[in-house]
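Before any comments, here is the structure.
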Amino acid sequence: MQKAEAAKIIIPLSKCMPGMILLQPIVDIDTGNTIIGKDQVLTEDILKRIKRFKHTEIWVGVPREETLWQVEKEVMETYEKYVSVLKDIIGNKRIDEPIEINEIEELATCITEECTYNFNL
């Protein structure tokens with residue numbers, strides 16, 4: 001994974017996977033000593049070392065959301081559908097053109113209902 005392709009996100013340690021790139025050093029909260037340096041590729045051993053300290057979240061580089069959480073195809077399609085609708089609502093407006101709040105409210109209602117009835121989402 002090249003750094004240019006990775007998104008910088010903070011993630012719970014429990015969701016970290018080998019192969020991710022550590023984007024900030026891990027420091028022992030009690031002593032201030034660096035445990036793991038920046039730009040390290042996470043391995044099982046490194047993840048075990050980090051878990052012995054008080055850290056619960058770390059900054060990592062990941063290529064895409066679906067790689068990180070292994071998202072099902074249906075979930076990604078639903079996500080992309082709603083992103084597209086939102087872009088249509090707010091992305092195609094001119095600077096001086098008001099955004100229709102009722103359209104955003106309707107979209108929020110659709111998302112909420114779909115997530116309520118589709119447990120995969």
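Both backbone and side-chain heavy atoms feed into the values below; hydrogens, waters and symmetry mates do not.
- Two different hydrophobic clusters hold Ile50 and Ile29 under the rule that ILVMFWY side chains link at heavy-atom gaps under 4.5 Å.
- Side-chain contact between Lys81 and Glu114: present, with at least one pair of heavy atoms (C-beta onward) separated by less than 4.5 Å.
- Residues Ile35 and Val27 form no side-chain contact, since every pair of their non-hydrogen atoms from C-beta on lies 4.5 Å or further apart.
- Annotation: the span from Cys16 atom SG to Leu22 atom CG amounts to 8.5 Å, rounded to 0.5 Å.
- Closest non-hydrogen pair, Met20 versus Lys15, comes out as CE-O, 4.0 Å.
- Within the 3.5 Å criterion, the main-chain N or O of Gly37 finds no donor-acceptor partner in the side chain of Thr34.
- In this structure, Leu13 and Lys51 have side chains that are in contact, with non-hydrogen atoms separated by less than 4.5 Å.
- In this structure, Ile10 CD1 and Glu57 CD are separated by 4.5 Å, a value rounded to the nearest 0.5 Å.
- Heavy-atom minimum distance, Tyr82 versus Leu107: CD2-CD1, 3.3 Å.
- Partner Ile58 forms a side chain to side chain contact (heavy atoms under 4.5 Å, CB included) with one of Ile9, Leu42, Ile36, Leu23 and no other, that one being Leu42.
- Judged by distance alone, with hydrogens and angles left aside, the side-chain atoms of Ser84 form no donor-acceptor pair with the main-chain N or O of Glu80 at under 3.5 Å.
- Looking at every heavy atom in both residues, Pro18 comes nearest to Glu44 through CG-OE2, 3.2 Å.
- Proximity of Ile89 to Ile104: side-chain heavy atoms (C-beta onward) are separated by under 4.5 Å at one or more points.
- Contact detail for Val41 and Ile21: the closest heavy-atom pair is CG2-CD1, 3.5 Å.
- Rounding to the nearest 0.5 Å gives a distance of 11.5 Å between CH2 of Trp59 and CD1 of Ile11.
- Between the side chains of Asn33 and Thr31, at least one donor-acceptor pair of N or O atoms lies under 3.5 Å.
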